[in-house]
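To start, the structure itself, in C-alpha cells.
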Amino acid sequence: MPASARQRCHAVLAGLVTLATAAVVSLAAPTPARAADTWTETGSDRADPLTESQGLTSVEVPANSPNRYTGIGTIPLGVSSRGWNHVGDPDASYDGYYIEPYQRDSGNSKMFRVQAPGGAWSEYVHTLSTGEALNNSWAAISPDGQWMLSGEWGTMTRLLVFPTPGVNPATSPSANLPQASTVRLDHAVRDVQGCDFSGPTTLLCSSDDPEGSLFGLTKPLLQIDLSAAPNGTADVSGHVTALRQLPLRSSCSGTFEAEGIDYDRRSGTLRVIVVSPGFCVLTDSKTYKFSRG
C-alpha cells in the first residue's frame, strides 16, 4: 500500500477510534446533576458558645417565630440526667414541628426530641442498625414533612432516612423509630455537622472535614443533589459537590469547627455556625450568612 494511502487509512481508523471512545464515554457518564449554586458571604452574627454553638434552624410556624439554636446550654436537665448529653443541629418542618437530635456517650441508640406546634414535647428513640455509628449530629426534614434525613460521623458514603418523628403517622414515641431507606452518595463526605433542604431534592451541608483530601479544601460547604425526593420506600442516590470553604476567621489560631446549617426559604438566606479555636470560642465564634449568587 502506498505511503499516502496508509496515512489516509490511519487517519480514518484514528477518527473511528475517537468516535467510538467518545460514544463509550457518553454512554458510561452519569446524567449530570443540575448546576451547583454559588453562595456569597453577606454578614455574620456572634455565636454564643453555650447556647448557639451546635446548630440552628429558622421556624415558620407560629408566624414571626425567632430562629432557634442549640448548644450544651440548651439541653434540659431532665434530658442530660438520662445520659443524652449532646444535642446536634435541629430542623423545623414548614408546618411547625421542631426536632432536635441527641446522642450519648455509649449504648446502642440515638434520640430525636420533638416539639409539636402546640408546644408539647415528645421523644423518639432509634435503635442503631448493624454498623450504624452512634453519633447523632443533625436532622433535616424533607419539604413534604414526611421524611427526616440524618448522618453519621467520620467518612461516609450514605445518609440515613427516617419517617419524620411526630409527623409521619408511622411513628410513635412508644415504638422504635426505624430507618426507612438510605441516600447513596456518589462521593464520600467527612464529618458532616448539618444539612438542610433548599428544595425538594437539594441539600446544603456543612462539613467539619479537617483533612481536605476529599475535595481539596477543609471545612467545605457541600451541595447534595438527590435523584428523587425521599419517600422512605426506596433508596435514592445523591450527587455531592463542594461549593466553597466556610469562613475561617478569628483572633486566635488553631482548629476551627464547622457546626450546624440552616436555609430559610422565605428570605433565601443560608446560615452556618463556625466555632473559633482556643479561647476565641468565647469571643468571636460566628453564625455566617450567605446569599445565592
Inset, instruction - Give the minimum heavy-atom separation between K219 and E257, together with the two atoms involved. - result: NZ-CA, 4.4 Å
Legend entry - Option among V61, V114, T57 that satisfies the side-chain contact (heavy atoms from CB on, under 4.5 Å) test with Y98: T57
Inset, instruction - Answer with yes or no whether the hydrophobic clustering places F256 together with V272; edges join I, L, V, M, F, W, Y residues whose side-chain heavy atoms lie under 4.5 Å apart. - result: yes
Inset, instruction - Walk me through it: do T218 and Q245 pass the test side-chain contact (heavy atoms from CB on, under 4.5 Å)? - result: CA-CA 7 Å; T218 61; Q245 185 181 58; 2.9 Å; yes
Legend entry - Nearest-0.5 Å distance, SG of residue C205 to CD of residue Q193: 11.5 Å
Legend entry - R82 NZ/CZ over Y102 ring centroid, <6.0 Å and within 45° of normal: no
Inset, instruction - Can you measure from CD (Q179) to CD (E132) and round to the nearest 0.5 angstrom? - result: 6.0 Å
Inset, instruction - Consider only side-chain N and O atoms of T38 and R244, and report whether a donor and an acceptor are under 3.5 Å apart. - result: no
Legend entry - Side-chain (T182) to main-chain (R184) donor-acceptor, under 3.5 angstrom: no
Inset, instruction - Would you check, one step at a time, whether the test salt bridge (charged side-chain N to carboxylate O under 4.0 Å, His left out) holds for K289 with D45? - result: CA-CA 8 Å; K289 301 176 184 178; D45 297 312; 3.2 Å; yes
Legend entry - Side-chain (Q223) to main-chain (L243) donor-acceptor, under 3.5 angstrom: no
Inset, instruction - Taking the side chain as every heavy atom from C-beta outward, state whether I99 and Y124 have any pair of such atoms under 4.5 Å apart. - result: no
Legend entry - Flag, side chain of S81 to backbone of L77, donor-acceptor distance under 3.5 Å: yes
Inset, instruction - Would you check if the side chain of D196 reaches a backbone N or O of L204 as a donor-acceptor pair within less than 3.5 Å? - result: no
Legend entry - Donor-acceptor pair, side chain of S137 and main chain of G88, under 3.5 angstrom: no
Legend entry - N176 side chain to T127 backbone, donor-acceptor under 3.5 Å: yes
Legend entry - Interatomic distance, S291 atom OG to L270 atom CG [nearest 0.5 angstrom]: 9.5 Å
Inset, instruction - Given side chain to side chain donor-acceptor pair (under 3.5 Å), test T155 with R190 step by step and report yes or no. - result: CA-CA 4 Å; T155 303; R190 183 179 292 124; 3.0 Å; yes
Legend entry - Donor-acceptor under 3.5 Å (T164 side chain, Q146 main chain): yes
Legend entry - R104 side, atom CZ; W84 side, atom CH2 - distance, nearest 0.5 Å: 3.5 Å
Inset, instruction - Flag the pair R68 / P90 as yes when at least one side-chain heavy-atom distance between them is below 4.5 Å, and no otherwise. - result: no
Legend entry - Short side-chain donor-acceptor distance under 3.5 Å, D225 and H239: no
Legend entry - Minimum heavy-atom distance A47-T287, with the two atoms named: CB-OG1, 3.9 Å
Inset, instruction - Answer yes or no: is there a side-chain heavy-atom contact under 4.5 Å between F290 and L221? - result: no
Legend entry - Side-chain touch L160/H126, heavy atoms, less than 4.5 angstrom: no
Inset, instruction - Please determine if E52 and R46 form a salt bridge, counting it only when a charged side-chain N lies under 4.0 Å from a carboxylate O. - result: no
Inset, instruction - Would you confirm whether T74, through its side chain, and T70, through its main-chain N or O, come within 3.5 Å as a donor-acceptor pair? - result: no
Legend entry - Cluster check V192, L128: I/L/V/M/F/W/Y, side chain < 4.5 angstrom: no
Legend entry - Smallest separation among heavy atoms of P230 and F197, with atom names: CG-CZ, 4.2 Å
Legend entry - Exercise: identify the closest heavy-atom pair between N136 and Q103: N-OE1, 2.6 Å
Inset, instruction - Please check if the side chain of D95 supplies one atom and the backbone of G145 the other of a donor-acceptor pair under 3.5 Å. - result: no
Legend entry - Side-chain heavy-atom pair D89, I273 within 4.5 angstrom cut-off: no
Inset, instruction - Treating Ile, Leu, Val, Met, Phe, Trp and Tyr as nodes and any side-chain heavy-atom pair under 4.5 angstrom as an edge, say whether M148 and L159 lie in one connected cluster. - result: no
Legend entry - Separation between OG of S93 and CH2 of W147, rounded to the nearest 0.5 Å: 15.0 Å
Legend entry - Same cluster (ILVMFWY, side-chain, under 4.5 Å), V161 and I224: yes
Legend entry - D264 versus T269, side-chain donor and acceptor atoms under 3.5 Å: no
Inset, instruction - Determine the minimum heavy-atom distance between S109 and V125, stating which atoms define it. - result: CB-CG1, 3.7 Å
Legend entry - Rounded distance (nearest 0.5 Å) linking atom CG of D191 with atom OG of S206: 11.0 Å
Inset, instruction - Answer whether the closest heavy-atom distance between the side chains of F112 and S150 falls below 4.5 Å. - result: yes
Inset, instruction - Report yes or no: do Y263 and Y94 belong to one cluster of Ile/Leu/Val/Met/Phe/Trp/Tyr joined by side chain heavy-atom distances under 4.5 Å? - result: no
Inset, instruction - Could you tell me which non-hydrogen atom of P163 sits nearest to which non-hydrogen atom of L177, and how far apart they are? - result: O-CD1, 3.6 Å
Inset, instruction - Consider only side-chain N and O atoms of E60 and S65, and report whether a donor and an acceptor are under 3.5 Å apart. - result: no
Inset, instruction - Compare all side-chain heavy atoms of V274 with those of Y288 and state whether any distance is below 4.5 angstrom. - result: yes
Legend entry - Any donor-acceptor N/O pair, H187 side chain to F215 backbone, under 3.5 Å: no
Legend entry - Contact check, side chains of H86 and Q54, non-hydrogen atoms, under 4.5 Å: yes
Inset, instruction - Check the surroundings of atom CD1 in I72: do more than 12 heavy atoms from other residues, nucleotides or ligands lie under 6.0 Å from it? - result: no
Inset, instruction - With salt bridge (charged side-chain N to carboxylate O under 4.0 Å, His left out) as the test, would you mind laying out the steps for E41 and K286 before giving the verdict? - result: CA-CA 12 Å; E41 183 182 340; K286 293 285 195 300; over 6 Å; no
Legend entry - Worked verdict on N67 versus R271 for side-chain contact (heavy atoms from CB on, under 4.5 Å): CA-CA 11 Å; N67 296 324; R271 298 180 301 142; 3.3 Å; yes
